Structures are given as structure tokens and as C-alpha cells.
Amino acid sequence: MRFGPVPLDQAEGAILAHSENVGGQVIRKGHVLDAGDLDQFRRAGVAALVVARLEPGATPRMVEAARQLTAGLGNA
């Protein structure tokens, strides 16, 4: 699993590392980003997000573990 900032065009399917307020809506940390989420960030002028990305071959259990780990990163 890799944590760090990525450009929006590389963030689809990644797990959001910090809750973000975009367009008056809060997208919570631990959320798996989809194309609709990224469109919202683009419209708000966001260029990159801090995310967790799983390595190729990750299992559903690994995805859940990454969500739990990301959710435990603090209040941000």
C-alpha cells in the first residue's frame, strides 16, 4: 500500500486519506474515490489528493484494511 499525494487523474479507485470538504459536501477519509468524486474535486479547483493506493493483486480484505487504516489517521 502506498500513501501520498496524487494528481486527480491518477486517484480513481484510491482511498481518500483525509476528509475533504468539496462544494459544501464532506467526503470522508476512507472513501474509495470514483469518477463522480473526482469531477467534484476538479470543479472545486483541486489538483491533487492524498490517498492510499493498493498494489496490484490486492484482495477485498486488503481494501477493507486500508480503509480502516486510513480512517485511523486522525481528524483531518
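As the structure is a computational prediction, the values presented were derived from the model and not from experiment.
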Problem - Cluster overlap V50 with I15, hydrophobic side-chain contacts below 4.5 Å - result: no
Fill in the blank from the handout: Distance col, row D37:CG vs H31:NE2, nearest 0.5 angstrom, shows 3.5 Å
Handout entry: Other residues, nucleotides, ligands: >12 heavy atoms within 6.0 Å of R42 CZ
Key = yes
Completion exercise
CD1 of I27 to CD of E20, rounded to nearest 0.5 Å, is 8.5 Å
Exercise for the section: Evaluate side-chain contact (heavy atoms from CB on, under 4.5 Å) for N21 paired with V26, printing each intermediate quantity in order. Expected result: CA-CA 4 Å; N21 187 329; V26 175; 4.3 Å; yes
Practice task
Would you give the length of the straight line joining atom CG of L33 to atom CZ of F41, rounded to the nearest 0.5 angstrom?
Solution key: 6.0 Å
Completion exercise
For R53 and A14 the tightest heavy-atom approach is CG-CB, 3.7 Å
Compile the donor-acceptor pairs under 3.5 Å between side chains in residues 2-10 and protein atoms, sequence neighbours left out, one pair per line.
| residue | atom | partner | partner atom | Å |
| --- | --- | --- | --- | --- |
| R2 | NE | E55 | OE2 | 3.0 |

